[in-house]
**Q** 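I am attaching a structure below and will ask some questions about it afterwards.
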Amino acid sequence: MQTISILGSTGSIGTQALALVALHPERFRVAAMTAHRNRELFFQQVRTFRPEMAGLTEPIPMEEIPADLRFCRWVMGKEALHAAAAEVPADMVLVSVVGIAGLQSVMDALAANRQVLLANKEALVTGGHLVMDAARRIGKPLLPVDSEHSAIFQCLQGAAGNQPVKLLLTASGGPFRTWDKERIASATREQALNHPNWAMGAKITIDSASMFNKALEIMEARWLFDLPPEKIEVVVHPQSIIHSAVEFADGAVIAQLGVPDMRVPIQYAMSYPERLPTGSKPLDLFALGQLTFERGDAEKFPSLRLAGECLNAGGAACTILNGANEAAVAAFLAGEIPFGGITRLVEGALEKLGPMPAADLDDIFHADQEARRVVAELLDSVKQ
Ligand code: NDP
Ligand code: MG
């Protein structure tokens with residue numbers, strides 16, 4: 001029996017992780033869980049999984065907690081993430097909150113010597129060097145949940161210490177893969193939220209449409225697998241069957257395949273190195289017939305170019321990209337700016353802020369705040 005704390009249990013990743021706990025009750029028990037706003041779903045989850053601690057990062061008065069749920073310790077506000085990540089004993093901590101909110105939690109969990117299962121890519125995008133140092137210090141490698149990074153991690157299991165010379169990071173290409181640049185710029189919220197292969201949270205779905213998700217994943221891969229951006233190639237593969245691949249010095253390429261189903265990488269992280277049933281459908285290559293590949297188009301999706309530029313610039317450039325993108329996506333989802341405004345705001349923030357340091361968490365949170373401030377300033381300029 002292993003205990004798991006889940007930060008962001010009401011999200012797309014969080015709910016699937018809980019479904020896996022329910023599928024293997026003899027194997028996993030929930031120690032702590034947190035949610036942000038979705039209290040109705042969270043109350044149901046607490047009722048079902050009976051953790052030792054539950055917390056809402058958006059605080060509510062204790063009187064609003066149903067009487068039958070007061071059996072556990074309740075923590076409200078930001079403290080909830082810290083308590084779930086570091087105070088409540090657990091064999092593993094799944095960080096599946098969205099956004100830069102995940103960085104402090106990952107650092108807290110590592111400082112408390114916890115095994116971290118990492119869905120929140122923003123922690124590595126913004127604080128990759130600090131997170132990797134902290135993980136090395138405790139000798140517990142991060143277990144990636146993001147499907148591409150899980151795929152690469154799985155491909156490296158049989159590598160006997162041989163380092164890859166190149167990573168092939170696959171991308172579905174999102175809903176606008178075949179659209180031209182002008183049409184993409186004026187895409188609606190509904191069109192951008194309509195991902196062809198994956199059902200995910202709203203933020204990452206918009207990022208898939210702009211390919212900022214792939215930009216964040218290049219940064220995530222840079223830290224997890226310690227390769228420079230030139231050795232990380234984006235391969236657009238619309239069927240999302242090959243989840244990524246690694247190339248070795250002898251020319252051999254090893255890939256991981258499967259139907260697009262996040263339960264597989266989530267559970268691989270939960271039961272690593274063991275494999276357990278997930279409820280996922282088996283892969284039927286005959287039904288698929290063919291798999292296709294294209295180059296990522298950095299002209300249509302400038303995010304792909306910005307990833308390498310920010311990684312090479314170093315300092316807080318990736319944090320600025322991430323913070324500006326988070327703020328811009330929120331503005332797009334709120335109907336305040338057109339889709340094309342997202343990239344323009346990110347480029348505007350990078351240009352306006354220039355080089356900023358990222359020596360510690362304070363620097364990183366400062367750069368993040370600055371990026372959001374500049375996006376708010378520039379918002380009117382991209383409204384049409
Ligand atoms: P969702 O938006 O579905 O869920 C986010 C979770 O975080 C919810 O539990 C939400 O609570 C909580 N949350 C939201 N804002 C805050 C905040 N400010 N502080 C603390 N908690 C907060 O996101 P996903 O599950 O899609 O994604 C989670 C992370 O995993 C992201 O970093 C994403 O990039 C990554 N990821 C997701 C994949 C997917 O398939 N969904 C695939 C690969 C990576 P509430 O709902 O109660 O408001
Ligand atoms: Mg991914």
Side-chain angles (χ1 to χ4, degrees), residues 6-19 33-46 54-60 75-85 94-106 108 116-126 143-153 169-174 193 195 197-208 211-221 224 234 237 240 242-244 256 260-266 268-269 322-323 325-327 329-330 333 368 372:
I6 302 180
L7 279 57
S9 66
T10 45
S12 163
I13 296 287
T15 50
Q16 293 180 84
L18 285 175
M33 53 209 273
T34 76
H36 192 52
R37 288 207 179 119
N38 191 349
R39 57 168 106 162
E40 286 318 311
L41 174 59
F42 191 60
F43 291 159
Q44 278 176 34
Q45 292 179 336
V46 173
L56 285 163
T57 39
E58 193 160 274
I60 61 170
V75 183
M76 295 294 164
K78 271 214 172 121
E79 261 308 293
L81 292 176
H82 181 267
L94 169 63
V95 182
S96 52
V97 297
V98 61
I100 196 172
L103 174 59
Q104 184 72 55
S105 303
V106 171
D108 288 349
V116 171
L117 321 187
L118 190 66
N120 177 276
K121 60 192 79 185
E122 296 88 342
L124 285 174
V125 167
T126 58
L143 297 176
V145 168
D146 207 347
S147 58
E148 296 79 357
H149 306 75
S150 172
I152 293 167
F153 183 72
L169 195 68
T170 52
S172 71
L193 282 172
H195 195 280
N197 302 343
W198 298 96
M200 308 178 286
K203 158 73 173 41
I204 184 174
T205 305
I206 299 301
D207 286 349
S208 299
M211 296 202 78
F212 266 106
N213 182 48
K214 214 45 59 178
L216 301 180
E217 289 185 353
I218 293 172
M219 298 168 182
E220 186 184 9
L224 280 173
V234 171
H237 163 46
S240 297
I242 297 181
H243 299 305
S244 278
Q256 188 256 332
D261 185 334
M262 282 308 294
R263 288 176 299 182
V264 177
I266 295 170
Y268 188 67
N322 180 71
N325 180 54
E326 274 188 35
V329 169
L333 284 171
D368 176 67
R372 290 165 199 272

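In listed order, ligands and their atoms are each counted from 1.
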**Q** Considering Gln104, Glu220, Arg37, Lys121 one by one, which has a heavy atom nearer to atom 34 (O) of ligand 1 than any of the others?
**A**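 When every heavy atom of Gln104, Glu220, Arg37, Lys121 is considered, Lys121 comes closest to atom 34 (O) of ligand 1.
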**Q** Checking the N or O distance criterion of under 3.5 Å, is ligand 1 in contact with Gln16?
**A**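 Not met; the criterion fails.
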**Q** How far is atom 41 (N) of ligand 1 from the closest protein heavy atom, and which atom is that?
**A**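 Checking every protein heavy atom, the shortest distance to atom 41 (N) of ligand 1 gives Ser12 OG, 3.1 Å.
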**Q** Does one side chain, of Asn197 or Ser240, offer a donor that lies under 3.5 Å from an acceptor on the other?
**A** yes
**Q** Partners of Glu79 by salt bridge (charged side-chain N to carboxylate O under 4.0 Å, His left out), sequence neighbours excluded?
**A**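 For Glu79, no residue satisfies salt bridge (charged side-chain N to carboxylate O under 4.0 Å, His left out) once neighbours in sequence are set aside.
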**Q** Give the residue, atom name and distance (to 0.1 Å) of the protein heavy atom nearest atom 7 (O) of ligand 1.
**A** Val97 CA, 3.4 Å
**Q** If we only count N/O pairs under 3.5 Å, is Gly8 in contact with ligand 1?
**A** yes
**Q** Any side-chain to backbone donor/acceptor pair from Ser105 onto Leu81? Under 3.5 Å, distance only.
**A**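 Not confirmed, Ser105 side chain does not pair with Leu81 backbone.
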**Q** Does the distance from a Lys or Arg side-chain N to an Asp or Glu carboxylate O, for Glu326 and Lys203, drop under 4.0 Å?
**A** no
**Q** Which option out of Ala35, Ser96, Gly14 puts a heavy atom nearest to atom 6 (C) of ligand 1?
**A** Ser96
**Q** Checking the side chain of Asp146 only, and the main-chain atoms of His149 only, is there a donor and an acceptor separated by less than 3.5 Å?
**A** no
**Q** Less than 3.5 Å between some nitrogen or oxygen of Asp146 and one of ligand 1, yes or no?
**A** no
**Q** Would you check the N or O atoms of Met200, main chain and side chain alike, for any that come under 3.5 Å of an N or O of ligand 1?
**A**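 No, Met200 has no N/O under 3.5 Å of an N/O on ligand 1.
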**Q** Is any N or O atom of Ile13, backbone or side chain, closer than 3.5 Å to an N or O atom of ligand 1?
**A** yes
**Q** Strictly under 2.8 Å of the Mg ion (ligand 2): which protein N/O/S atoms qualify?
**A** Asp146 OD1, Glu148 OE1, Glu217 OE2
**Q** Do Lys214 and Glu148 come within less than 4.5 Å of each other through their side chains, counting heavy atoms only?
**A** yes
**Q** With a 4.0 Å heavy-atom cut-off (strictly under), which part of Arg39 contacts ligand 1: side chain, backbone, both or neither?
**A** neither
**Q** Give the residue and atom name of whichever protein heavy atom lies nearest to atom 20 (C) of ligand 1, and the separation in Å to one decimal.
**A**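 Closest protein heavy atom to atom 20 (C) of ligand 1: Thr57 OG1, 3.4 Å.
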**Q** Is there at least one pair of N or O atoms, one from Thr10 and one from ligand 1, spaced under 3.5 Å apart?
**A** yes
**Q** N/O of His36 under 3.5 Å from N/O of ligand 1, yes or no?
**A** yes
**Q** Should one rank Ile100, Val98, Thr205 by closest heavy-atom distance to atom 5 (C) of ligand 1, which comes out on top?
**A**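 Looking at heavy atoms only, Val98 sits closest to atom 5 (C) of ligand 1.
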**Q** Below 4.0 Å, non-hydrogen atoms only: which portion of Ile204 touches ligand 1? Side chain, backbone, both or neither.
**A**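 Ile204 to ligand 1: side-chain contact only, backbone stays beyond 4.0 Å.
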**Q** When you measure from atom 32 (O) of ligand 1 to every protein heavy atom, which one gives the shortest distance, and what is it?
**A**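 For this ligand atom, the closest protein heavy atom is Glu122 OE1, 2.7 Å.
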**Q** Suppose we measure from atom 35 (C) of ligand 1 to each protein heavy atom; which comes out shortest, and what is that distance?
**A**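 Checked against all protein heavy atoms, atom 35 (C) of ligand 1 sits closest to Ala119 O, 3.2 Å.
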**Q** May I ask you to check whether Gly11 has an N/O atom sitting below 3.5 Å from an N/O atom of ligand 1?
**A**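 Among all N and O atoms of Gly11, at least one is under 3.5 Å from an N or O of ligand 1.
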**Q** Assess Lys203 for proximity to ligand 1: is some non-hydrogen atom of it under 4.0 Å away?
**A** no
**Q** Any side-chain heavy atom of Leu169 sitting closer than 4.5 Å to one from Ser244?
**A**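 They are in side-chain contact.
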